[in-house]
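Numbered from 1 within each chain, the chains take letters A, B, ... in sequence-line order.
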Amino acid sequence: MTDATQNTGPMLAADGTPLKQSLARSLRRQKLRALMLIAPLLLFVLLSFIIPIASMLFRSVENNIVGDTLPLTVEALQNWDETTGELPDEAVYDAFVRDMVVAVDNKTHTRLGSRLNYEETGMSSMFRRSGRKLGKLDPETDGPFKEQLIEIHDGWGEPQTWAVIKTHSPAITNGYFLNAVDMRRTPEGAQAQPEDKQILIKLFGRTLFMSLVITASCILLAYPVSYLLATLPMRVSNLLMILVLLPFWTSLLVRTSAWKVMLQQQGVINETLVWLGLVADDARLVIINNQIGTIIAMTHILLPFMILPMYSVMQTIPVSYTRAAKSMGATNWTTFWRIYFPQSIPGIGAGSILVFILAIGYYITPEIVGGTKGVFISNRIAYHISSSLNWGLAAALGTILLGVVLLLYWVYDKIVGIDNVKLG
Amino acid sequence: MTDINNDAAFVEFQRVQKSYDGENLVVKDLNLAMPKGEFLTMLGPSGSGKTTCLMMLAGFETATHGEILLDGKPINNIPPHKRGIGMVFQNYALFPHMTVAENLAFPLEVRKLGKSERDEKVKRALDMVQMGAFGGRRPAQLSGGQQQRIALARALVFEPELVLMDEPLGALDKQLREHMQFEITRLAHELGITTVYVTHDQTEALTMSDRVAVFDDGRIQQLAPPDQLYEEPENSFVAQFIGENNTLEGVVKSIESDACVVQLDDGSEIDAVPINVHAPGDRTKVSIRPERVEFNKNRLHADAHTLKATVKEFIYMGDVFRFRMSVAGNDEFIVKTRNAPDATRLQPGQEIEIGWLAKDCRALDA
Ligand SMILES: Nc1ncnc2c1ncn2[C@@H]1O[C@H](COP(=O)(O)OP(=O)(O)OP(=O)(O)O)[C@@H](O)[C@H]1O
Ligand SMILES: [Mg+2]
């Protein structure tokens, strides 16, 4: 066959076209049909998943607002050296007034104020208060403006104000990312945030740590349950399976609130312990609004996601393996450790990835039972999205979280091997 | 069943019953005694309870009723891992996460053998099944037959006294199968291993075993050495199941202690040995082996009953001729003769008379 091909050039199909070409054509038709079948899903995924993520990634570096709202000022500030500690000259003030007149007209100056407020507190109110008066000025006739502006608000007489505007004028910024890791952008370059504002790194660390603890406790609790599910007779194991799935029938919010009832200082657990005399009435356990509360509640809520993949893997391990091992003289423990356990690892792997990834981005449960000490990074992201409206920072935090998950996934692949993950 | 001295029995089943669901008995009243070193084959159709018996013996299923003794001790008192039973499972049960060599080393490892001794035994076991080059492979990278050979090697590598094999040669081609049959029997006899062997294949059962237990419907239908099983089946199931067999149905007309006359359904009469019939009027299935049928009148007794037969088909098989005939309403009556120089080749349509020695014709249960 190969000899023939080498001697007579490319193989020809029945109609005389090169075989490769006609194969490619028939495959192409097949692929096209397959593509059309998945087109609706593809479109859906594109619209609801890829685009939002792309937009989030973009938002974390996007910073057009300063350049768009104050184009002339940004240009004029190029000639000003912020390190001297002196105020910029009249040209900057003139450009600023021209920009602001337009901005006030379009009512965009308050948004700019909020944006700069993330970097320097007080900027928001400065822009709002100065806005009205600045809007009434006529850039052609009313100059010079330096004195007038300082008259309107002291802030315009501070070199720091102008430095902030200049530092954050580029359209693409790393400022949000610096903020996300407790640093900030200054005229002198990236610097650490003041002590009292450094919370995000700690939150990231806590999120990772607690997710690991939750994953570990899920493994410990789920393994015996899955083993039972996989080995008990069908009828019993079906019943047990219903119990495992029962939580899915109740709302997440209800389940979490139930934990609040359980874990409170006046809650079921404490009352029982006090009644049994195991805990003194004035020394009730603090197991809610802290990390313990979050870990307990989330372990419970994520447990099914560990049990299901473990169960489906264990179900595929035939009893003849353990029997064979025992017939060869292995004790129960050796049989479990050397034969059964290694074959159940893919289930542990799949469950752990599932639980860990769910945990690391969990929001509702830590919010309800976590208090201040037990909240996750996602609660911070939610805060920046809905309360402080600092979407850029939220996006940067989200991006970092995504990066961390991908990194861990990669590490996992290196250590355990992703082929070792099986969902059944 | 009775000729074995019970005191010497190494493996013994006493009135064993087994039910999985509490409604149907999978094994009904099993009695069996094996002396040390015997090669016993359990032969029977699918679902007749062969695997179940092995599992009870290995200790993975408990008998619902009755007692199983291993070397005189009730087996329930010995945990599975202390029984020292080598086992080849029907689906091989090679550990997928270990290499072939690790699989074989496992039973030695749990017996705490030293590394060098382990390696040597593993190598010897692999060579024994001609798989020496495959030690580093995973079971998934082997063909079905290769896996089977490894499973066999693994069951033997720790030199157990009792080996249970559940269809260990099912996936092999004919040649390898015959080779392995020979190897297994050789090893079993050489090492003095007591072997319980399960198979579907009657040829395998007949060629390998000291004794064969024919299973059906949860009972041992007959337990006998191969020749006795083939030549003297005790009931019509065994007669049908082992080898090729012709069956004619009829009613006992007269009966003496060692001979009877059976009137077939078409009215003709034949001589037979009464096995499962007791009185005139009993319905019976008469069994006769194809190679014991004679159509050369000179070789028959002068007073032997004969039957009319019409040749339907002649099949040339090389070493034997095989004729399909219509006899007493049975169109599937088979006759075999050796391809000897003087053998006659009957032609389809030919009408002849056939007969046989009365002792080759057994009147069994209906
Ligand atoms: N674990 C079990 N639970 C319930 N019934 C079972 C179980 N194992 C076997 N059986 C039933 O017991 C009967 C005998 O099964 P067994 O496996 O002993 O047959 P076998 O003789 O080994 O058949 P084969 O030649 O097909 O392997 C079958 O009807 C089977 O359905
Ligand atoms: Mg079986």
Side-chain angles (χ1 to χ4, degrees), chain A residues 223 226-228 230-239 309-352 412-413 415-424, chain B residues 20-22 51 54-61 75 78-99 102-113 125 138-140 147 150-166 196:
Chain A
Y223 200 91
S226 320
Y227 178 79
L228 274 186
T231 48
L232 281 179
M234 203 51 156
R235 207 150 25 93
V236 188
S237 79
N238 276 345
L239 199 73
M310 272 191 185
Y311 163 65
S312 67
V313 167
M314 288 182 182
Q315 223 188 5
T316 62
I317 305 176
V319 283
S320 59
Y321 289 148
T322 47
R323 289 180 165 183
K326 279 186 201 165
S327 79
M328 285 182 262
T331 57
N332 286 340
W333 170 251
T334 316
T335 304
F336 170 76
W337 186 243
R338 296 281 313 277
I339 306 300
Y340 195 86
F341 182 74
Q343 295 189 60
S344 65
I345 285 179
I348 303 181
S352 302
Y412 183 93
D413 186 30
I415 298 174
V416 185
I418 211 69
D419 312 337
N420 258 333
V421 169
K422 212 162 60 170
L423 284 166
Chain B
Y20 283 107
D21 52 8
T51 301
L54 286 197
M55 288 302 159
M56 287 193 289
L57 187 50
F60 301 123
E61 298 287 352
I75 204 149
I78 319 169
H81 68 271
K82 293 226 172 105
R83 293 182 190 185
I85 298 177
M87 192 146 184
V88 182
F89 285 81
Q90 202 163 2
N91 54 1
Y92 325 140
L94 296 177
F95 306 136
H97 60 291
M98 296 183 181
T99 64
E102 284 166 348
N103 261 284
L104 262 67
F106 184 78
L108 305 174
E109 231 169 279
V110 299
R111 285 183 168 68
K112 308 221 160 38
L113 261 68
R138 293 278 164 123
Q147 291 184 32
I150 298 302
L152 191 64
R154 193 180 64 174
L156 296 177
V157 71
F158 62 100
E159 291 156 21
E161 289 193 0
L162 175 61
V163 177
L164 314 181
M165 303 190 191
D166 201 345
V196 182

Looking at every non-hydrogen atom in both residues, tell me the closest pair between [X] and [Y] and how far apart they are.
X: F60(B); Y: R323(A); value: CZ-O, 3.1 Å
X: F95(B); Y: Y321(A); value: CE2-O, 3.3 Å
X: R154(B); Y: A324(A); value: NH2-CB, 3.6 Å

Would you mind checking which part of [X] comes under 4.5 Å of any heavy atom in chain A, side chain (CB onward), backbone (N, CA, C, O), both or neither?
X: R111(B); result: side chain
X: L164(B); result: neither
X: Q90(B); result: neither

Review point. Just wondering, do I339(A) and F106(B) contact through their side chains at under 4.5 Å, heavy atoms?
Key: yes
Review point. So, do E102(B) and R338(A) sit near enough that their side-chain heavy atoms are less than 4.5 Å apart?
Key: no
Check your understanding: How many angstroms lie between atom OG of S327(A) and atom CG of L54(B), to the nearest 0.5 angstrom?
Key -> 11.5 Å
Review point. When rounded to the nearest 0.5 angstrom, what is the spacing between NE2 in H97(B) and OG in S344(A)?
Key: 9.5 Å
Exercise for review: Check the surroundings of atom CD in E161(B): do more than 12 heavy atoms from other residues, nucleotides or ligands lie under 6.0 Å from it?
Suggested key: no
Point to revise | Worked check of side chain to side chain contact (heavy atoms under 4.5 Å, CB included) between M87(B) and K326(A) | key: CA-CA 10 Å; M87(B) 192 146 184; K326(A) 279 186 201 165; over 6 Å; no
